[in-house]
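Beneath this line is the structure, given in structure tokens, with notes to follow.
Remember, it's a predicted structure, so these values are computed and weren't measured experimentally. Only heavy atoms go into these numbers, but all of them, side chains included; no hydrogens, no water, no symmetry mates.
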Amino acid sequence: MQAFTLPEFYMPYPARLNPQLERARAHSAAWARDMGMLDAPKPGGGLVWDAEALAKMDYALMCAYTHPDCDGPTLDLITDWYVWVFFFDDHFLEQFKYSRDRTGAKTYLDRLERFMTMDGDTPPEPGGPAEAGLKDLWARTVPSMSADWRRRFITSTHNLMVESLWELDNIDLGRIANPIEYIQMRRRVGGAPWSANLVEFAVGSEVPDALAGTRPMQVLRDTFADAVHLRNDLFSYQREVREEGENSNAVLVLERFFGCATQEAAELTNELLTSRLQQFENTALTEVPGLFAEHAVPANEQLGVAAYVKGLQDWQSGGHEWHEKSSRYMNEQAGSTGVLGGPTGLGTATARLVPAQGNLGLRRRAQQYAHVLYEPVGHLTLPELYMPYAFRTSPHIDDARAYSVDWARQMGMFDSVPGVEAGGIWDEQRYRGLDLAHCAAMIHADADAEQLHLSTDWLTWGTYGDDYFPVVYGITRDVAAAKICDDRLAAFMPVEDGEPVPPPTNAIERGLADLWQRTAGPMPIPAREVFRKAVQDMTASWVWEVANQAQHRIPDPIDYVEMRRRTFGSDMTMSLRKLASFDVVPPEIYQTRTVRELETAAQDYACFTNDLYSYQKEIEFEGELHNMVLVVQKFLNVDRWQARDIVADLMKARMEQFEHLVAEDLPALFEDFELDEQARASLTRHAEGLKEWMSGIMEWHVKCVRYTEPELQRLRREALPSARFPFLPTGLGTSAARVASALAGGRMS
């Protein structure tokens with residue numbers, strides 16, 4: 001019996017089948033036999049695969065659906081890659097997951113990586129089917145691809161192999177990931193980013209390296225990956241969870257986190273899948289064209305990127321079709337998506353006929369776009385929030401408070417701003433109420449006086465900038481002007497000594513120019529590059545917020561979580577601490593799962609803290625769309641009190657994950673990488689610093705007047721006397737008339 005009834009899926013474009021299917025079937029069966037995949041024994045007897053099992057799984061059919069336009073030889077090679085990756089997954093399960101053999105798994109994976117060589121390297125002799133298959137595939141694939149593509153492909157292949165250890169550890173501990181952790185890790189272990197790399201090969205067009213790291217291309221890859229994985233989790237729940245004892249499955253993760261029935265968790269997984277597909281569409285239609293213009297991408301490269309985007313789209317529809325047909329999955333009663341006809345392709349979903357269930361995603365779109373701005377919500381009473389760490393305060397706090405007021409005044413942050421009719425962004429009274437020196441004194445409690453001044457100034461500048469963009473550009477929905485402002489900010493952060501810097505024209509530019517000179521001067525150039533990127537990620541995220549305001553669009557939940565870390569300035573403030581150990585800890589250590597999850601768990605805890613405390617300020621007084629409580633409220637169709645509790649539960653889950661990482665995974669990392677005592681001490685200090693970062697931010701929110709209703713009402717009255725009367729327009733299209741409300745707040749970043 002099926003564990004649940006499959007939900008009705010959003011799939012606005014039809015699958016197509018490559019005519020070279022039968023050729024690929026014959027080729028892949030022979031290739032698997034030649035590589036020894038049909039003779040690989042299970043530890044307890046029997047074979048991992050035999051010819052009948054391989055034929056029933058029909059990976060050639062999957063590839064013919066997911067790559068409908070490539071020629072026969074290309075389809076053969078693509079199919080061989082998928083035969084290899086599924087064999088690797090099943091073989092790893094039999095050899096290491098069932099036996100919980102982590103040591104053997106690590107040795108196996110370390111050796112397997114040696115078969116992905118760069119020019120001039122020689123792979124070892126293969127000792128098993130997975131090694132033989134990877135050696136053969138690598139030699140047949142990489143000669144036609146660039147070095148940049150190879151590096152990206154090695155990274156994604158490394159991730160899907162090595163992060164299998166994360167799944168193994170969780171099975172061994174009986175531990176089920178929290179939802180945010182799961183989505184992040186599933187991208188790495190699930191292999192869809194790897195599939196996206198193969199799409200470039202299949203369509204015969206690489207994404208230009210200058211574009212590959214930009215937000216639009218990253219979001220396309222991530223939404224593609226998330227949708228592929230969430231769909232797979234729905235179809236594979238029966239086999240993975242009920243039969244094989246796996247615990248890395250989105251349905252199970254949501255079932256446990258929400259304490260709900262399996263059917264409800266499956267429906268929620270499908271809602272998230274729909275949201276990710278629609279985020280893919282939104283990015284392709286609204287962000288990619290702007291990317292072309294910004295980078296002056298030549299026409300031939302634009303066509304190549306378009307072919308890649310279409311290839312990702314084909315993979316989604318083809319992958320769905322294959323899941324409905326393959327014997328590998330639970331697919332009884334599958335096959336109906338409710339699509340009744342009409343135009344197809346990217347961006348045409350809303351023009352198609354809608355069945356009674358509304359399964360084409362219109363309900364999801366309505367929830368994103370139909371929010372009424374400035375809705376009176378009142379004070380949001382908060383539950384007790386889980387915080388296991390104490391805070392400390394620097395003895396230099398009073399000095400920093402006095403200094404920071406003078407610095408903000410000198411930078412012009414209390415001056416009037418052109419286009420803001422009611423005055424400037426801040427005045428001195430309002431700034432003193434922010435008390436950012438208090439926040440800095442807790443998150444950098446051991447800083448000396450000069451270091452605390454610098455930390456306070458960075459918080460001041462980041463908070464001013466995050467208040468500046470919504471008021472100056474958000475009210476008018478002027479995305480282009482916001483982008484120009486952001487582009488200019490990069491000029492005030494030169495990497496090389498002696499680079500010319502333009503004269504600043506406003507407070508945000510003046511503040512950045514001063515801070516960069518004081519901060520970057522002593523840094524080596526590689527450290528400057530790291531810190532510069534952290535600042536740029538934050539300022540670019542402010543443009544992203546303006547763009548969402550222009551669309552009147554509440555963000556997709558996953559996109560919001562990942563961008564919220566940037567709007568909050570998390571990487572920037574953490575970078576100031578990490579740069580002190582730049583030459584002590586190998587840079588690759590900061591890219592490991594353990595350190596990355598430590599940092600993102602801490603970031604999410606702090607960001608959600610801010611969203612809970614600022615809910616009334618942002619929703620009622622500012623007409624904001626960017627708040628985790630609101631995102632959860634609209635996505636799950638619950639009231640604000642239920643959304644509040646879910647956000648608090650997410651904070652607790654991320655904090656418990658943080659505690660687990662510090663207690664278990666960080667010591668294991670030290671041993672796995674054989675780090676010396678200096679590096680171990682530095683990473684331990686980093687973890688301790690993250691504890692104080694979270695506890696300090698929490699305490700600052702408790703004490704700060706910024707989010708209290710009396711302060712919000714005071715700012716509204718002072719900004720616009722007529723705001724005392726309840727007759728100001730509300731709703732879609734009236735935000736330009738609400739200058740006073742916008743001036744009543746801003747957001748701590």
Matching residue for Trp81 among Phe201, Tyr59, Trp194, Trp31 - test: ring pair (Phe, Tyr, Trp, His ring centres under 6.0 Å) = Trp194

key: Test ring pair (Phe, Tyr, Trp, His ring centres under 6.0 Å) applied to Trp49 and Phe88, Phe86, Trp84, Phe87, the passing residue   =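 Per the ring pair (Phe, Tyr, Trp, His ring centres under 6.0 Å) rule, the option paired with Trp49 is Phe87, out of Phe88, Phe86, Trp84, Phe87.
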
request  = For residues Ala177 and Trp166, report the shortest heavy-atom separation together with the two atoms involved.
outcome  =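 The pair with the smallest heavy-atom distance is CB-CZ2, 3.8 Å.
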
query = Which heavy atom of Val305 sits nearest a heavy atom of Ser205, and at what distance?
reply = N-OG, 4.4 Å

Between [X] and [Y], a side-chain donor and acceptor under 3.5 Å:
{"X": "Asp80", "Y": "Ser28", "answer": "no"}
{"X": "Tyr237", "Y": "Glu246", "answer": "no"}
{"X": "Ser195", "Y": "Tyr82", "answer": "yes"}
{"X": "Glu206", "Y": "Ser146", "answer": "yes"}
{"X": "Asp571", "Y": "Gln603", "answer": "yes"}
{"X": "Thr79", "Y": "Arg25", "answer": "no"}

Could you check whether any side-chain heavy atom of [X] comes within less than 4.5 Å of a side-chain heavy atom of [Y], counting everything from C-beta outward?
{"X": "Asp39", "Y": "Pro129", "result": "no"}
{"X": "Met62", "Y": "Glu321", "result": "no"}
{"X": "Thr157", "Y": "Val85", "result": "no"}

Interatomic distance, [X] atom [atom1] to [Y] atom [atom2] [nearest 0.5 angstrom]:
{"X": "Arg256", "Y": "Ile176", "atom1": "CZ", "atom2": "CD1", "value": "3.5 Å"}
{"X": "Ile183", "Y": "Ile558", "atom1": "CD1", "atom2": "CD1", "value": "4.0 Å"}
{"X": "Asn197", "Y": "Arg221", "atom1": "CG", "atom2": "CZ", "value": "8.0 Å"}
{"X": "Leu230", "Y": "Asn270", "atom1": "CG", "atom2": "CG", "value": "9.0 Å"}
{"X": "Thr74", "Y": "His67", "atom1": "OG1", "atom2": "NE2", "value": "10.0 Å"}
{"X": "Ile171", "Y": "Phe96", "atom1": "CD1", "atom2": "CZ", "value": "13.5 Å"}

task = Start with the C-alpha gap between Val251 and Val241, add the side-chain angles, then the distance that decides, and say whether side-chain contact (heavy atoms from CB on, under 4.5 Å) holds.
result = CA-CA 9 Å; Val251 179; Val241 177; over 6 Å; no

ask   = Could you go step by step and tell me if Arg654 and Thr600 meet the side-chain hydrogen bond (donor to acceptor under 3.5 Å, both in side chains) rule?
value = CA-CA 9 Å; Arg654 291 297 265 167; Thr600 57; 3.2 Å; yes

Please determine whether a side-chain nitrogen of the Lys or Arg among [X] and [Y] lies less than 4.0 Å from a carboxylate oxygen of the Asp or Glu.
{"X": "Glu671", "Y": "Arg680", "result": "yes"}
{"X": "Asp69", "Y": "Arg16", "result": "yes"}
{"X": "Glu125", "Y": "Lys135", "result": "yes"}
{"X": "Asp110", "Y": "Lys106", "result": "yes"}
{"X": "Arg102", "Y": "Asp169", "result": "yes"}
{"X": "Asp121", "Y": "Arg114", "result": "no"}
{"X": "Lys56", "Y": "Glu52", "result": "no"}

query = What's the verdict on side-chain hydrogen bond (donor to acceptor under 3.5 Å, both in side chains) for Gln279 and Thr283, showing C-alpha distance, side-chain angles and the deciding distance?
reply = CA-CA 6 Å; Gln279 176 67 51; Thr283 301; 3.0 Å; yes

Just by distance, do the side chain of [X] and the backbone of [Y] share a donor-acceptor pair under 3.5 Å?
{"X": "Asn178", "Y": "Gln657", "result": "no"}
{"X": "Ser99", "Y": "Gln95", "result": "yes"}
{"X": "Gln238", "Y": "Ala3", "result": "yes"}
{"X": "His229", "Y": "Ala225", "result": "yes"}
{"X": "Arg596", "Y": "Gln591", "result": "yes"}
{"X": "Glu167", "Y": "Val189", "result": "no"}

message = I'd like to check the salt bridge (charged side-chain N to carboxylate O under 4.0 Å, His left out) partners of Arg187; sequence neighbours left out, ordered by chain and number.
response = Asp222, Asp226, Glu562

For [X], I'd like to know if atom [atom1] has over 12 heavy atoms of other residues, nucleotides or ligands within 6.0 Å.
{"X": "Gln678", "atom1": "CD", "value": "no"}
{"X": "Glu588", "atom1": "CD", "value": "yes"}
{"X": "Lys533", "atom1": "NZ", "value": "no"}

message = Determine whether Ser275 and Asp556 satisfy the following criterion, side-chain hydrogen bond (donor to acceptor under 3.5 Å, both in side chains), listing intermediate values before the conclusion.
response = CA-CA 6 Å; Ser275 185; Asp556 157 83; 2.5 Å; yes

query = Would Glu597 and Met185 count as a side-chain contact (heavy atoms from CB on, under 4.5 Å) if you check the C-alpha gap in whole Å, the side-chain angles of each, and the deciding distance to 0.1 Å?
reply = CA-CA 9 Å; Glu597 286 293 323; Met185 288 305 301; 3.9 Å; yes

request  = Please confirm whether Trp138 and Phe115 have ring centers closer than 6.0 angstrom.
outcome  = no

inquiry  = If you take the centroid of each ring, where Trp contributes its six-membered ring, are Tyr329 and Trp322 closer together than 6.0 Å?
reply    = yes

For Glu664, side chain to side chain donor-acceptor pair (under 3.5 Å) partners two or more places apart =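 In terms of side chain to side chain donor-acceptor pair (under 3.5 Å), with neighbours along the sequence ignored, Glu664 is linked to no residue.
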
task = Please lay out, stage by stage, how Arg276 and Asp559 fare under the test salt bridge (Lys or Arg N to Asp or Glu O under 4.0 Å).
result = CA-CA 9 Å; Arg276 295 309 273 162; Asp559 197 37; 5.2 Å; no

message = Walk me through whether His320 and Gln316 qualify under side-chain hydrogen bond (donor to acceptor under 3.5 Å, both in side chains).
response = CA-CA 6 Å; His320 185 92; Gln316 291 288 357; over 6 Å; no

task = For the pair Tyr108 and His91, name the ring-plane relationship: parallel under 30°, tilted 30 to 60°, perpendicular over 60°.
result = tilted

inquiry  = Apply side-chain contact (heavy atoms from CB on, under 4.5 Å) to residues Leu598 and Leu661 and explain how you reach the verdict.
reply    = CA-CA 7 Å; Leu598 264 179; Leu661 288 162; 3.9 Å; yes

task = For Leu312 and Val199, run side-chain contact (heavy atoms from CB on, under 4.5 Å): C-alpha distance rounded to whole Å, both residues' side-chain angles, the deciding distance at 0.1 Å, then the answer.
result = CA-CA 7 Å; Leu312 296 178; Val199 167; 4.0 Å; yes

